[in-house]
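What follows is a set of notes on a single structure, which appears directly below.
Counting starts at 1 for both ligands and their atoms, in listed order. Computed from a predicted structure; not experimentally measured. Residue numbers start at 1 and run along the sequence shown.
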Amino acid sequence: MARYELVKRSVALITLTNPPVNALSSAVRHAIAKSMDHALNDPKVTAVVICGENGRFCGGADIREFAGPLRGPPLVPLLDAIEAGEKPVVAAIEGVALGGGFELALVCHYRIAHFKARLGLPEVTLGILPAAGGTQRLPRLIGIPAALELITTGRHISAQEALKLGIVDQVTEQNACEVAVEFALRAVAKPLSSRRVSMLTTPCPPDLDGLLEAVTMQVKKKARGVMAPLACIQAVRAAATMPYSKGIKRESELMATLFNSGQARALQYCFFAQRTAGKWTLPSGAQWNNSKPREIRSAAIIGLGTMGRGIVVSLARVGISVIAVESEKKLLETGKQMVIGMLERDAKRRGVSASLNLLKFTLSLQDLKDVDLVIEAVFEDMALKKRVFQELSKVCRPATLLCTNTSGLDVDALAGVTDRPHLVVGMHFFSPAHVMKLLEVVCGPRSSSETIATAMILGKRMGKVSVAVGNCPGFVGNRMLKPYLDQATFLLEEGATPEQIDKALEDFGFAMGVFRMSDLAGLDVGWRVRKESGLTGPDVDPKNPPRRRQGRRYCPIPDMVCEQGRFGQKTGRGWYMYDKPGGTNAKPDPLIQNLLEMYRSRYGIQPRNISDQEIIERCLFALANEGFRILEDGIAARPEDIDVIYLFGYGFPRHGGGPMFYASMVGLERVLERLEHYHQAHPDVPHLEPSPLLKKLVACGSPPVQKWREHIKTMHSHL
Ligand SMILES: CCC/C=C/C(=O)SCCNC(=O)CCNC(=O)[C@H](O)C(C)(C)COP(=O)([O-])OP(=O)([O-])OC[C@H]1O[C@@H](n2cnc3c(N)ncnc32)[C@H](O)[C@@H]1OP(=O)([O-])[O-]
């Protein structure tokens with residue numbers, strides 16, 4: 001777990017050996033303690049260098065160990081002892097020094113970083129704080145404002161920025177370990193007292209309280225309801241106002257309040273869920289680590305609407321040449337100008353040159369004959385998509401992968417009109433596609449494992465979090481959205497307002513409430529889908545009761561809003577009013593209030609006071625309930641995949657873990673009881689009827705999320 005060698009006759013080189021990130025597991029901590037003891041007591045040793053194997057210094061505490069009791073030497077006394085030692089210790093930072101790894105570097109008397117190294121204290125993103133002295137040492141080293149920013153955001157910084165801030169002493173393009181050994185030899189004769197960061201006085205800004213207050217406001221606004229950043233601020237205050245010996249106790253007390261909190265559990269779950277999601281597997285045995293992806297050098301996008309443009313940008317900025325196709329000259333020209341503008345702005349922000357030479361714009365599908373992969377992003381119309389896929393089958397070489405960006409149509413039906421159903425897969429991007437991190441890779445029953453592997457890896461290359469899902473209407477994300485949206489509109493009927501519902505969801509932590517989100521996405525999209533599926537519009541039988549469709553409760557209010565030309569932000573009116581079309585400042589609209597009052601009186605609905613608790617329970621439990629059905633149907637392979645989709649595609653707060661983890665945190669028994677209660681009150685809403693899997697899990701004693709798979713007997717997995 002740590003290798004000990006004597007180099008240059010007098011330097012003890014301690015190499016952490018815990019792949020893949022040299023996390024500070026109990027065994028590693030034990031090995032460091034033993035090695036340091038050896039080094040400090042061996043008279044031949046005059047200096048020490050600490051580095052990590054495989055070019056990675058240290059990824060921090062072993063997060064997997066957080067779930068169990070503390071074993072092995074605790075980190076704080078171990079680190080304090082390194083700093084207090086009488087021989088100079090140099091950290092040779094290659095790869096990453098994160099969390100406890102950064103704190104380990106901070107107790108070394110000198111720090112040498114490779115120019116590609118990244119440093120940071122990301123504990124806050126895991127719901128905790130840097131409790132191995134990080135909140136006490138970093139402010140002493142770089143001052144309160146800079147330390148606050150790094151600790152409350154968890155941002156990683158480059159070696160160059162670390163040098164500017166005074167965190168590292170030298171940045172090198174050579175082997176950091178070799179440079180550190182030479183550095184250590186030169187440091188032997190120098191006094192160490194000024195190098196012990198815990199002994200330094202924290203440089204304090206004149207208006208400390210004002211600064212802390214301003215940062216607290218910022219943090220509360222940005223991360224509503226999240227505890228860890230606020231605790232970080234309190235710990236940094238201690239660094240400014242207390243000696244190290246007291247500050248470290250304060251840090252430890254604050255850590256204790258966070259460590260076992262639901263938020264910390266949720267955020268740590270998210271960390272692992274995100275990494276698990278890429279590990280897809282099919283019933284055939286094909287999976288992420290035994291299926292070879294194709295290399296994609298060139299791609300084509302059909303359709304330069306909002307989605308198509310975002311996809312072109314996502315591909316071009318990772319070096320893939322793209323041919324963009326439109327059906328009309330004017331649309332092509334508009335799309336081209338927008339794509340170029342987006343790429344130029346993106347490149348400027350990243351300080352690189354825009355890869356415009358990779359782009360080609362055309363009106364002819366014939367130009368696609370040699371590309372490796374095509375992503376169709378035309379209008380959400382099955383007949384049109386089928387025509388495109390038939391045409392692609394004729395034009396593209398037989399090995400070209402054909403992908404669709406449909407948000408919910410049958411991927412297998414599209415595969416069926418091609419000459420290569422095994423090379424067809426869904427790549428469902430989220431709008432705006434060059435910003436949103438989620439990619440649902442929709443596996444049709446005939447998609448080959450090579451095709452799935454290629455789409456998954458291509459997503460990763462574009463910086464997306466790719467999740468493999470099965471083929472059913474709406475796949476995972478949009479299928480679950482339906483019961484969630486339904487509950488929100490039913491609550492409107494019963495007496496709530498859009499702003500009340502949005503506030504409850506935003507207080508819960510959603511980036512946007514459901515109505516603000518719908519206004520942003522455009523209300524006409526759902527209206528068109530409802531018309532096509534016969535739920536509204538001229539095809540509805542006039543004898544059909546107005547608030548029932550297809551045997552279940554139906555809320556026509558969204559249709560009424562659209563009938564008034566209120567399509568959301570783009571028209572300046574939707575569930576809210578905006579200053580102008582395209583405006584983003586949502587204000588409650590008295591016309592919507594009138595519409596709701598008239599609607600309720602027309603149908604004799606007595607409005608009632610609805611609590612925030614009911615809003616959260618009905619919206620979120622209906623959402624999770626559909627998630628259980630999706631697991632039963634084999635559309636998602638595991639609850640982590642569903643949660644990752646909601647975290648990255650739908651703004652579910654990370655500190656809630658995602659809908660499935662949230663259900664487990666509330667307690668499955670409670671979720672079942674509340675769903676039964678609401679279903680009894682609303683028997684004409686099938687989405688509120690508890691799913692068989694939820695009942696089964698409760699009957700099995702509500703196992704933790706990670707164990708649900710053992711209870712899912714899927715007859716026909718769609719994955
Ligand atoms: C005492 C209190 C004070 C201290 C608190 C802390 O230090 S809190 C910690 C503060 N530190 C952090 O928050 C840093 C967290 N880590 C990272 O940000 C990234 O992993 C990375 C940038 C280090 C490498 O990125 P990359 O894209 O090259 O690789 P990748 O991300 O795919 O990971 C590869 C594998 O390693 C696993 N694993 C990784 N780290 C840890 C860990 N600390 N522990 C355990 N496991 C860890 C990861 O799950 C995955 O496992 P799998 O799926 O193969 O079984």
Quiz item: Looking at the rings of Phe510 and Tyr650, which for Trp means the six-membered one, are their centres under 6.0 Å apart?
Solution: no
Self-check item: From Leu24 atom CG to Met1 atom CE, the distance as rounded to the nearest 0.5 Å
Solution: 11.5 Å
Practice problem: Answer yes or no for Glu65: is there a heavy-atom contact with ligand 1 below 4.0 Å? | Solution: no
Quiz item: Parallel under 30°, tilted from 30 to 60°, perpendicular over 60°: which one fits the rings of Tyr4 and His38?
Solution: parallel
Exercise. Give a yes/no verdict on a cation-pi contact between Arg275 and Phe271, requiring under 6.0 Å between NZ or CZ and the six-membered ring centre and an angle within 45° of the axis.
Key: yes
Exercise. Just say parallel, tilted or perpendicular for the rings of Tyr269 and Phe661, cut-offs at 30° and 60°.
Key: parallel
Quiz prompt | Worked verdict on Glu450 versus Ser291 for side chain to side chain donor-acceptor pair (under 3.5 Å) | solution = CA-CA 6 Å; Glu450 186 192 31; Ser291 306; over 6 Å; no
Quiz item: Do Arg709 side-chain atoms and Gln706 backbone N/O form a donor-acceptor pair below 3.5 Å?
Solution: no
Practice problem: Would you please name every residue forming a salt bridge (charged side-chain N to carboxylate O under 4.0 Å, His left out) with Asp62, sequence neighbours left out? | Solution: none
Quiz item: Is there a heavy atom of Phe102 sitting under 4.0 angstrom from any atom of ligand 1?
Solution: no
Quiz item: Does the protein put any heavy atom within less than 4.0 Å of atom 28 (O) of ligand 1?
Solution: yes
Quiz item: Got an N/O contact under 3.5 Å between Leu129 and ligand 1?
Solution: no
Quiz item: In terms of residue, atom name and distance, what is the protein heavy atom nearest to atom 44 (N) of ligand 1?
Solution: Ile63 N, 2.9 Å
Quiz item: So which protein heavy atom does atom 41 (C) of ligand 1 come closest to, and at what separation?
Solution: Val21 CG2, 3.7 Å
Quiz item: ligand 1 and Arg275, any nitrogen or oxygen pair closer than 3.5 angstrom?
Solution: yes
Self-check item: Nitrogen or oxygen of His156 less than 3.5 angstrom from that of ligand 1
Solution: no
Quiz prompt | Between CG on residue Leu647 and NE2 on residue His655, distance to nearest 0.5 Å | solution = 11.0 Å
Quiz prompt | Under 3.5 Å: N/O of Arg64 near N/O of ligand 1 | solution = yes
Quiz item: Just by modelled atom types, is the Glu53 backbone N or O under 3.5 Å from a matching donor or acceptor in the Asn22 side chain?
Solution: yes
Exercise. Among all protein heavy atoms, pick out the one at the shortest distance from atom 18 (O) of ligand 1; state its residue, atom name and that distance to 0.1 Å.
Key: Leu98 CD1, 4.0 Å
Quiz item: For Gly101 and ligand 1, does the shortest N/O to N/O distance drop below 3.5 Å?
Solution: no
Self-check item: atom 13 (O) of ligand 1 - nearest protein heavy atom and its distance
Solution: Pro122 CG, 3.3 Å
Practice problem: List every atom of ligand 1 that sits less than 4.0 Å from any heavy atom of Phe272, numbering the atoms from 1 in the order shown and giving each element. | Solution: 49 (O)
Self-check item: Protein contact to atom 1 (C) of ligand 1 [nearest heavy atom, distance to 0.1 Å]
Solution: Leu75 CD2, 4.2 Å
Quiz prompt | Any donor-acceptor pair under 3.5 Å from Glu94 side chain to Ala176 backbone | solution = yes
Quiz prompt | atom 35 (C) of ligand 1: nearest protein contact (heavy atom, Å) | solution = Pro20 CG, 3.5 Å
Exercise. Pull out every atom of ligand 1 sitting under 4.0 Å from any heavy atom of Lys279, numbered as shown with elements.
Key: 52 (P), 53 (O), 54 (O), 55 (O)
Practice problem: Measure Thr276 to ligand 1 on non-hydrogen atoms and call it side chain, backbone, both or neither using the 4.0 Å cut-off. | Solution: neither
Quiz item: Considering only protein heavy atoms, which is closest to atom 45 (C) of ligand 1, and at what distance to one decimal place?
Solution: Asp62 OD1, 3.2 Å
Quiz prompt | Candidate pair Tyr662 and Phe508, rule ring-ring contact (aromatic ring centres under 6.0 Å, His included), full reasoning | solution = CA-CA 11 Å; Tyr662 177 67; Phe508 176 79; 4.9 Å; yes
Quiz item: Has ligand 1 got any nitrogen or oxygen that is less than 3.5 angstrom from a nitrogen or oxygen of Gly59?
Solution: yes
